[in-house]
K.L.:
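Please see the structure below; I have some questions.
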Amino acid sequence: MATETGCSLDSGSRRAGAWKLPGQRMLSPERLALPDYEYLAQRHVLTYMEDAVCQLLEHREDISQYGIARFFTEYFNSVCQGTHILFREFSFIQATPHNRASFLRAFWRCFRTVGKNGDLLTMREYHCLLQLLCPDFPLELTQKAARIVLMDDAMDCLMSFSDFLFAFQIQFYYSEFLDSVAAIYQDLLSGKNPNTVIVPTSSSGQHRQRPALGDAGVLDGVEASLFCQRLESLCDRHKYSCPPPALVKEILSNVQRLTFYGFLVALSKHHGINQTLGALPDKGDLMHDPAMDEELERLLIQVPGLVNSITATSEASCLPSRTPPRVGSPWKPLHRSRKLDAESDGSTEETDESET
C-alpha cells in the first residue's frame, strides 16, 4: 500500500519532513520499530481506508467496469501524489497533516502565476482562489492568514502572492496549535502586563496590544522567556501538529518581548519551519516549477487554437489585467469530475466586485 512508503506526513510536524515526493520515498526505519496499531494511527491509514471505501460505495457502478483492485491502486497513488485533496470538502482537506500539506502544495502549483506576474490581490480574491480547489473553504481561515500579513492595515489591502502563501501555510497547517497559542498569549498579557490595552481582532480570541497611554517605556507584547516556557509545555502535550520546539525556542531567544502577531510573522518567515513542513519550496524558488510548466505546455498543445487565442488576447490588450488568465488544473481527483462545472460558475464574483 502507498501508505507503507512513508508518503504521508506525520501527526506531529517534528517528523513531517519525512514525507517525500513520488519517486523519492523510502521506508521509514520507525515503521519497523512501532507496533502495527501505532503506525496505522500515526500515518492516518484508517482515514484513507474509510474515505476510499466511501468513494467505492458511492461510485460502485462506474468502478465495477474496471475492478476494485484498480480503484484502490489509483486512490492510494493519488494520496501519494497529493492530488487526492482537489475539489474535496474542507473536512477531508484538514483531516490529516498530509492532506494539509498536499493542499498547500496544490494551491502553490495552481496559482503561482499570480506571483510570477507580480499581481497583488486582496484577501477576498485569495479566498476565491482557495474556493476553486475547496468550494467550502472557510473565510475565517483566509482572514486569519491575511491578518498575519496586513497587521494593522485594512483587510482590503493588497498582498503579494508569496507573503500571503507563507502566512497561509502557518495558519492553515498549525491552526489548532495557533488557537492554543492565542489563549496562552492572552493569559500572559492580562496577567503579566496589566498596563496594556487589549484590542480584539477576531472572534477567535486572537488579540493585539499596545502600551497604555502615557507609559511610553513599556514595550508591546509579553516576555519572550515566559512565552517560550508555556509553548514548550504546549508542544509536549499538543495532539495536533505543532512547529518543532527547537525552532520555536530559536525564534523566541532572539527577542526580549514580542506580540502574538509578531510571533506568527516570525513563524511564517522561518526557513527551517518551511523546510520541516516540506510542502512549499524556499521563497527564492517559489516561482519555479519546471514539472508544472512542462505539463501546462503539453496541455496547451493538445487544445487546438488555445495558444493563438491567448496570444491574440494579450496583443489586443493595452493595459495589464489584475486577474491572470485562468488555466484549468491538469489534475483530476478520483471520481470527482462531475463537480467541476458546478464549482466553476460564479467563482470570481467576489473578486470582480472588489476591483474598484
Side-chain angles (χ1 to χ4, degrees), residues 6 8-19 28-31 33-47 91 93-101 104 138 140-141 144-145 148 167-193 198 202-207 209 221-255 257-268 270 272-279:
S8 68
L9 280 178
D10 205 71
S11 61
S13 63
R14 283 165 285 189
R15 291 183 294 273
W19 177 69
S28 172
E30 64 181 317
R31 176 189 177 277
L34 291 174
D36 292 344
Y37 65 91
E38 287 189 19
Y39 179 81
L40 293 175
Q42 185 187 84
R43 300 292 179 172
H44 304 276
V45 174
L46 293 182
T47 299
S91 59
I93 286 175
Q94 69 164 356
T96 71
H98 176 58
N99 286 7
R100 297 187 187 198
L104 287 167
E140 182 184 10
L141 269 180
K144 289 181 178 180
I148 298 174
F168 175 71
Q169 173 177 239
I170 295 298
Q171 183 61 62
F172 175 61
Y173 194 92
Y174 294 129
S175 60
E176 294 87 358
F177 172 75
L178 295 184
D179 287 342
S180 299
V181 172
I184 290 175
Y185 177 83
Q186 187 59 34
D187 289 343
L188 291 176
L189 190 65
S190 59
K192 302 297 181 179
N193 197 354
I198 302 171
S202 74
S203 59
S204 66
Q206 296 182 358
H207 299 282
Q209 84 299 321
V222 299
E223 292 184 19
S225 59
L226 293 175
F227 195 44
C228 183
Q229 293 175 10
R230 297 286 298 273
L231 293 192
E232 285 181 346
S233 175
L234 176 64
C235 290
D236 290 339
R237 70 177 189 272
H238 208 269
K239 64 178 180 179
Y240 298 101
S241 299
C242 60
L247 298 183
V248 172
K249 188 174 182 179
E250 176 186 324
I251 292 173
L252 297 177
S253 64
N254 293 325
V255 293
R257 304 182 68 86
L258 84 166
T259 64
F260 176 69
Y261 281 95
F263 176 65
L264 298 192
V265 170
L267 288 177
S268 67
H270 197 283
I273 291 178
N274 183 57
Q275 280 193 325
T276 298
L277 293 179

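Every heavy atom of this structure was used, including side-chain atoms; hydrogens, water molecules and symmetry mates were not. Please read these numbers as outputs of a predicted model, since none were measured by experiment.
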K.L.:
Between R237 and S233, what is the shortest heavy-atom contact and its length?
P.N.:
NH1-OG, 2.9 Å

K.L.:
Ring-plane angle category for F168 and F172, please: parallel below 30°, perpendicular beyond 60°, tilted otherwise.
P.N.:
parallel

K.L.:
Do Q229 and E223 come within less than 4.5 Å of each other through their side chains, counting heavy atoms only?
P.N.:
no

K.L.:
S241 and P97: which non-hydrogen atoms are nearest, and at how many Å?
P.N.:
OG-CG, 3.7 Å

K.L.:
Within the structure provided, determine whether N99 and H44 are in side-chain contact (heavy-atom separation under 4.5 Å).
P.N.:
no

K.L.:
With the side chain counted from C-beta on, respond yes when K144 and D179 share a heavy-atom pair under 4.5 Å apart, and no when they do not.
P.N.:
yes

K.L.:
Give, for atom CG of L231 and atom CD1 of I251, the distance between the pair rounded to the nearest 0.5 Å.
P.N.:
10.0 Å

K.L.:
How long is the straight-line distance from NE2 of H98 back to OG1 of T47, given to the nearest 0.5 Å?
P.N.:
12.0 Å

K.L.:
If I compare all heavy atoms of G221 with all of R257, which pair ends up nearest, and what's the gap?
P.N.:
O-NH2, 2.8 Å

K.L.:
Does F263 have its ring centroid less than 6.0 Å away from the ring centroid of F227?
P.N.:
yes

K.L.:
What's the spacing between N274 CG and L104 CG if we round to 0.5 Å?
P.N.:
9.5 Å

K.L.:
Over all heavy atoms of both residues, which pair between C235 and P245 is shortest? Give the atoms and the distance, please.
P.N.:
CB-CG, 3.9 Å

K.L.:
Report the distance from atom CD of Q169 to atom CZ of R100, rounding to the nearest 0.5 Å.
P.N.:
12.5 Å

K.L.:
Please report the interatomic distance CD1(I148) to CG(L264), rounded to the nearest 0.5 Å.
P.N.:
4.5 Å

K.L.:
For V248 and P243, work out which heavy atoms get closest and say how close.
P.N.:
CG2-CB, 3.7 Å

K.L.:
Minimum heavy-atom separation for V255 and A224, please, with both atom names.
P.N.:
O-CB, 3.3 Å

K.L.:
When you compare the side chain of V222 with that of F260, does any pair of heavy atoms fall below 4.5 Å?
P.N.:
no

K.L.:
What's the separation between atom CG in L267 and atom CZ in F177, rounded to the nearest 0.5 Å?
P.N.:
7.0 Å

